[in-house]
Amino acid sequence: MTRLWDRNEPLDRLVLEFTAGEDHALDDRLVAYDVRASAAHAEMLRAAGHLSDAENGAVQRALAEIGAAHARGEWRVALEEEDCHTALENRLTAAVGEAGARIHLGRSRNDQVLAALRLWLKDELAALAGEAEGVAGALDAIAARQGALAMPGYTHMQRAMPTSLAGWTGAFAAEIRDDAAGLLAARRRADRNPLGSAAGYGVPVLSLDRALTTRALGFAAAHEPVTAVQLSRGKAEAGALFEAALLAQDLGRLAADLCLFATAEFGFVKLPAALTTGSSMLPQKRNPDLFELVRGRTGEATAALLELLAVTAKLPSGYHRDLQLTKKPLFRGLDSASAGARLLAHALPLVEFDEARMRAAVDPSLLAAERAYRMVVELGLPFREAYRRARET
Ligand code: ARG
């Protein structure tokens, strides 16, 4: 028996492939979190007298070993098992027998998947925020090294006013730090313990100690009421993808600037050979593909957010298998933002800024607004009059 609900009736292969789909492979990244949530659940069953101390001890040891073996790559969730929850219970029961068969008391895969997802999401958001901080730190290092370099500030891609390299790096560093704060704040919706809601309506007969699993798993609170839990699936995920999309946009705009700055026409930056790619036909070319792809991938988190929202929109309340389809865009969108952030944190320290080219671009016309402001302050002219005079000089 592979699936928890099997009744020895053969399952149509095409149906299995369609329903388990890629889910079993996606679930590999939830295994460690399902292990943690299962350990907390078993401890709660022990405290309530549904597992003996010895049974709980065996379950805890087996869960740790199964989790460690998975981390070492010794097993993967198989298609036949549908998901990580089934894979874990199968292995637990194989390892400890009856105690493993007792563990599903008081839970359902519906609350199990949310517990694992939320624990994963809280870690992932903190990690992505850290990667965003890494980009901001790399920008700060450029400012510390060469921040005083003069360069034009652009509006409409036309030279507008003088600014400095620190003005440019500082803008992106500040916004990317704000994105990191947004990612951390997006943990709020993931910080509620779904365990105890079971299939979505709690459990009969038993009284589950939700405070115990809430504490053990580090959730801020139990998710109440239990009937709200399945209604919330996808919302923490959407919040995370929204914040990731904002980060991806800032990374993409930074990359877009660098692509421009690396043109012969601008010549503000030089990319070392290791960062550039060549052309199959044009021997002289060194292309900034890495920045183009960061820019090009800006849409991935946004597309993932829309895909996810389209799954949950208009679903009736309660659990539906549709909800499984929220995992793929969640992982894809966050992975994409993470890849962009890691690439930029790696590449930025290697970008060289050309002081002479940057200064040469700050032509005297860029001081027109400054001249007008001086006339206002020094001669007491109305701004519009000073503006006209500045334009003519
Ligand atoms: N893979 C499923 C999901 O992500 C796990 C929950 C399955 N529950 C069920 N009743 N079939 O939604």
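Numbering of ligands and ligand atoms starts at 1, following listing order. Being a predicted model, the structure only gives us computed values, none of them experimental.
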Checklist entry - Counting both backbone and side chain atoms, is some N or O of Asp27 under 3.5 Å from an N or O of ligand 1? => result no

Checklist entry - Hey, quick one: are Leu344 and Phe353 part of the same hydrophobic cluster, counting side-chain heavy atoms closer than 4.5 Å, chains of contacts allowed? => result yes

Item to check | Full working for side-chain contact (heavy atoms from CB on, under 4.5 Å) between His104 and Gln112 | outcome: CA-CA 10 Å; His104 209 59; Gln112 231 186 314; 3.3 Å; yes

Checklist outcome for this item: Nearest non-hydrogen protein atom to atom 7 (C) of ligand 1, with distance, is Tyr319 OH, 3.4 Å

Checklist outcome for this item: Per-atom filter on ligand 1: closer than 4.0 angstrom to a heavy atom of Lys327 are 1 (N), 4 (O)

Checklist entry - Do Arg233 and ligand 1 have an N or O pair less than 3.5 Å apart? => result yes

Checklist entry - Going through the checks in order, is the side-chain contact (heavy atoms from CB on, under 4.5 Å) test met by Leu92 and Leu63? => result CA-CA 7 Å; Leu92 192 59; Leu63 280 172; 4.0 Å; yes

Item to check | Other residues, nucleotides, ligands: >12 heavy atoms within 6.0 Å of Arg253 CZ | outcome: no

Checklist entry - Between Glu355 and Arg359, is the closest basic N to carboxylate O distance under 4.0 Å? => result yes

Checklist entry - Using 4.0 Å as the upper bound for N to carboxylate O, is an ion pair formed by Arg332 and Glu300? => result no

Item to check | Protein contact to atom 8 (N) of ligand 1 [nearest heavy atom, distance to 0.1 Å] | outcome: Asn110 OD1, 2.9 Å

Next on the checklist: How far is atom 11 (N) of ligand 1 from the closest protein heavy atom, and which atom is that?
Outcome noted: Arg109 NH2, 3.5 Å

Checklist entry - Is Arg321 close to ligand 1, meaning an N/O of one under 3.5 Å from an N/O of the other? => result no

Item to check | Ligand-residue contact atoms, ligand 1 with Val113, heavy atoms, under 4.0 Å | outcome: 4 (O)

Item to check | Arg374, CZ: over 12 other non-hydrogen atoms inside 6.0 angstrom | outcome: no

Checklist entry - Among all protein non-hydrogen atoms, which one is nearest to atom 1 (N) of ligand 1, and what is the separation to 0.1 Å? => result Asp23 OD2, 2.8 Å

